[in-house]
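Starting off with a structure, shown below.
Along the sequence shown, residues carry numbers from 1.
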Amino acid sequence: MTEIQGLKKKLFGREFYESIGSPKVILAPMVDQSEFAWRMLSRSFFPAESKTDLLAYTPMFHSRLFGQTPAFREKFFQPIREQLATPEDNSYADQHLTAQKFLDGNPECDRPLFVQFCANQPDEFLRAARFVQPYCDAVDLNLGCPQGIARKGYYGSFLQENWDLIYKLIQKLHTELDIPITVKFRIQETKEKTLEYAKMIISAGASIITVHGRQREQKGHNTGLADWTVLRYVRDNIPPEVVMFANGNILQHEDIEKCLQETGVDGVMSAEGNLCDPSIFAPPPPIGQEGREYWRGKDGKGGYRMDAVFRRYLDIIHKYVLEQPVPERVPLFARSEDSRPAATILEEMKAEAAAEAAKDDDSEPPNKRQKREKQAKATSPNLVAMQAHLFHLLRPLVSKHTDIRDALARSRPGDMASYEKVLSMVQKAVKQGLLEYELDPSAFHIDEKTMEELEKENPGVDVSSALTIARVKRPWFICQPYVRPLPKEAIEKGAMSLSKKDKAKLEKDENLSKQVGVEPEGKVEKVYPNGEKAANGEKKDGENEPVEIPKEGVVCG
């Protein structure tokens, strides 16, 4: 704190941005999903000398709870820890506690870092920000969250009508905090109002603005496309010295450069794209230098193998969060190391799987299993977030391999043996997928000629269409973007209704889905491990407990 307050000059705007390396890619603040371990995983795809190319945000914290409740701070933000320091003579009297760098904001591995808060009281906002300022590069104000809890708590996008309060929140930190204040907000009803809103935020003292190209009402089933034209209008009409980031429509790495060009912004932020593919920010390895982790298909498209990314994630948890040795692991499957025909290897794998199923010892009494899970329970945000992260990452794979889905659903925070078991299952599934692709590549992707024909036949189909899914689709064992479900998913559940015009478009989109041979993944709320349930929808017996599958929702404001 002394170093920041007494020795370092407070920078502002572009000078500040340049001081942290002028990062072009930004990991978004996400509800319970941009914690330390996930940030580390996202940074791990950059070379050691380029790790600061990625700017990351913490999850959003509630400023009042953070400022007033030590237990809340200690649970969700862990920049230091206390260790017992003992002098060489081991004299008990001279022992004392000393603070050691730990996880969040660690300058050795977790910078640049912005900490985001929601707030509606300037003094509470400042109090919370002062706790984190020694461990981050800037504090961000969330003006984008559109969820119902934000309406109830009066924060996020539900402050956007109260410009006077917003100005005071920003101005308070700009004048009294020792590090810069940045702001993330959503576009308004018109581009002109969005520009006026942005100018007010800048005048209050925001060093960087991040503009989410969706309005407050665009959420859930009504998410739709982010409007890059509004972002371009704002960028062209604010002073060039103002730093601006864009957020929205980033499905894959190629979209980052496209967004930079079309909007003229300084950097591009991603939330959902990163959750499905944490390597999204880093350029892919050159052709011929892929190694075991990166796969490239016969059509030239590629991506990181899910088993490789899963491994990286668990290794980070072991090394940094649990501070224990990383388990010894056999090398990932490489086709070059087994010259036998793919069909032969697959037959061998099937036989091994059948043998394992025959001697499966998953007959542990429920009460004993529950006791073990209770003992393994952990509260670290890095451990609590693991299951949700892995469901995002493995979505296409677990849709096909439901046994892995069920095993992951039963995993509990802190039960690393369970997650290691799931990793072993994923490694076998990826090996199977690689061999199946070798036997019949056409079953995994759509050739360019078919894509061109579909595009001509279906002009103007938007991002939630089967055509877009086909365009970004990779084999199920490769990390890939998630495209939100078609409106039919919401209609079937009664979550929304359509006009006649929209119904006609939906029918066209459904026909296209059949042509392409791919459907967007829907929501799964409960699954039954044995595949059975009673007539009333409840569990059939005590051994067949339903397991919860995380639902999709708004992860970023």
Are the ring centres of His174 and Phe12 closer than 6.0 Å? yes
What closest approach, in Å, do Pro475 and Trp295 show between heavy atoms, and which atom pair accounts for it? CG-CH2, 3.5 Å
Should the pair Arg73 and Phe131 be classed as cation-pi, given the thresholds of under 6.0 Å to the six-membered ring centre and 45° from the axis? yes
Side-chain donor-acceptor contacts of residues 199-207 below 3.5 Å, not counting sequence neighbours, with atom names and distances?
unit_1: Ser203; atom_1: OG; unit_2: Lys199; atom_2: O; d: 3.4
unit_1: Ser203; atom_1: OG; unit_2: Met200; atom_2: O; d: 2.7
unit_1: Ser207; atom_1: OG; unit_2: Gly13; atom_2: N; d: 3.1

Backbone N or O of Ile478 within a donor-acceptor pair of the Gln480 side chain at under 3.5 Å? yes
Hey, what do you get for OG (Ser270) to CD1 (Ile26), rounding to the nearest 0.5 Å? 10.0 Å
In Å and rounded to the nearest 0.5 Å, what is the CD1 to CG distance from Ile316 to Leu41? 5.0 Å
Less than 4.5 Å apart, any side-chain heavy atom of Leu275 and any of Tyr482? no
Phe16 vs Phe114 aromatic rings, parallel, tilted or perpendicular, using cut-offs 30° and 60°? parallel
For side-chain contact (heavy atoms from CB on, under 4.5 Å), just list the numbers for Arg305 and Glu293, CA-CA rounded to whole Å, side-chain angles, deciding distance to a tenth of an Å, and then say yes or no. CA-CA 6 Å; Arg305 292 167 46 169; Glu293 292 191 318; 6.0 Å; no
Is the shortest side-chain N to carboxylate O distance from Arg111 to Asp137 below 4.0 Å? yes
Pair Leu113, Thr58 - check side-chain contact (heavy atoms from CB on, under 4.5 Å), show working. CA-CA 7 Å; Leu113 178 69; Thr58 66; 3.8 Å; yes
Can you see which heavy atom on Ser34 is nearest to which on Ala28, and at what distance? CB-O, 3.5 Å
When you compare the side chain of Asp104 with that of Phe102, does any pair of heavy atoms fall below 4.5 Å? no
Using a strict threshold of under 4.0 Å (side-chain N to carboxylate O), is an ion pair present between Lys101 and Glu108? yes
Is there a side-chain contact between Lys184 and Asn247 in this structure, where contact means two heavy atoms from C-beta onward sitting under 4.5 Å apart? yes
Within the distance-only criterion (no hydrogens, no angle test), does the side chain of Thr190 pair as donor or acceptor with the backbone N or O of Lys193 below 3.5 angstrom? yes
To the nearest 0.5 Å, tell me how far Lys172 NZ sits from Gln121 CD. 11.0 Å
Can you tell whether the side chains of Lys9 and Glu15 come within less than 4.0 Å, N to carboxylate O? yes
Shortest non-hydrogen separation from Val430 to Leu397 and the atoms involved: CG2-CD1, 4.0 Å
Given side-chain contact (heavy atoms from CB on, under 4.5 Å), test Phe117 with Asn142 step by step and report yes or no. CA-CA 6 Å; Phe117 290 100; Asn142 182 319; over 6 Å; no
Are any of the side-chain heavy atoms of Met416 and Leu322 separated by less than 4.5 Å? yes
Within the 4.5 Å heavy-atom criterion, are Phe125 and Ile181 side-chain neighbours or not? yes
Student check: side-chain heavy atoms of Leu103 and Phe77 closer than 4.5 Å: no
Please report the closest heavy-atom contact between Phe46 and Val25, naming both atoms and the distance. CZ-CG2, 4.0 Å
For residues Glu257 and Gln261, is any side-chain donor paired with an opposing acceptor at under 3.5 Å? yes
Start with the C-alpha distance between Asn274 and Ser42, add both sets of side-chain angles, then the distance that settles side-chain contact (heavy atoms from CB on, under 4.5 Å), and finish with yes or no. CA-CA 8 Å; Asn274 166 262; Ser42 301; 3.0 Å; yes
Can a donor-acceptor pair be found, under 3.5 Å and without considering hydrogens, that links the side chain of Asp140 to the backbone of Val115? no
If you measure from the Lys or Arg side-chain nitrogens to the Asp or Glu carboxylate oxygens, is any gap between Asp227 and Arg214 under 4.0 Å? no
Any chance NZ of Lys51 has more than 12 other-residue heavy atoms, nucleotides or ligands included, within less than 6.0 Å? yes
In plain terms, say whether Asp53 and Arg43 are close enough for a salt bridge, that is, a side-chain N and a carboxylate O under 4.0 Å apart. no
Exam field: side chain Trp228 to backbone Gly248, donor-acceptor pair closer than 3.5 Å: yes
If only atom types and distance count, is the side chain of His212 paired as donor or acceptor with the main-chain N or O of Phe185 below 3.5 Å? no
Under a 3.5 Å distance rule, please check whether Thr263 uses its side chain to pair with a backbone N or O of Arg232 as donor and acceptor. no
Approximate separation, where rounding is to 0.5 Å, of Ile170 CD1 and Lys168 NZ: 13.0 Å
Decide salt bridge (charged side-chain N to carboxylate O under 4.0 Å, His left out) for Arg186 and Glu217; before the verdict, give the C-alpha distance in whole Å, the side-chain angles of both, and the deciding distance to 0.1 Å. CA-CA 10 Å; Arg186 289 181 169 237; Glu217 292 72 26; over 6 Å; no
Would you indicate whether the side-chain heavy atoms of Leu332 and Asp307 approach each other to under 4.5 Å? yes
CD-CD1 distance between Glu161 and Ile166, expressed to the nearest 0.5 angstrom: 8.5 Å
Heavy-atom distance under 4.5 Å between the side chains of Lys319 and Glu323, does that happen here? no
Taking atom CZ of Arg81 as the centre, does the number of heavy atoms from other residues, nucleotides or ligands within less than 6.0 Å exceed 12? yes
Closest non-hydrogen atoms of Cys118 and Met60, given as atom of the first, atom of the second and distance, are CB-SD, 3.6 Å
Would you say the ring centers of Tyr304 and Phe45 fall short of 6.0 Å from each other? yes
In Å and rounded to the nearest 0.5 Å, what is the CZ to CG distance from Arg216 to Leu143? 11.5 Å
Under 3.5 Å, is there a donor-acceptor pair between the Glu35 and His389 side chains? yes
We want to know whether Tyr135 and Asn106 form a side-chain donor-acceptor pair, criterion being a heavy-atom distance below 3.5 angstrom. no
Taking every non-hydrogen atom, the tightest pair across Cys109 and Tyr320: SG-CE2, 4.5 Å
Evaluation steps, salt bridge (charged side-chain N to carboxylate O under 4.0 Å, His left out), between Asp110 and Arg39: CA-CA 8 Å; Asp110 193 29; Arg39 299 195 298 266; 2.7 Å; yes
Electrostatic pair Asp315:Arg311 at N-O distance under 4.0 angstrom: no
With distance as the sole test, does Asp255 use its side chain to make a donor-acceptor pair with the main-chain N or O of Gln252 at under 3.5 Å? yes
Where do Asp266 and Arg14 land on the salt bridge (charged side-chain N to carboxylate O under 4.0 Å, His left out) test, with the steps shown first? CA-CA 10 Å; Asp266 298 280; Arg14 191 159 298 278; 3.0 Å; yes
State whether Arg296 and Glu290 are salt-bridged, where the test is any N-O pair (Lys NZ or Arg NE/NH1/NH2 against Asp/Glu carboxylate O) under 4.0 Å. yes
Test your reading of the model: is there a side-chain donor-acceptor pair from Ser380 to the backbone of Asn382, 3.5 Å cut-off? yes
Test ring pair (Phe, Tyr, Trp, His ring centres under 6.0 Å) applied to Phe245 - qualifying residues, sequence neighbours left out: Tyr17
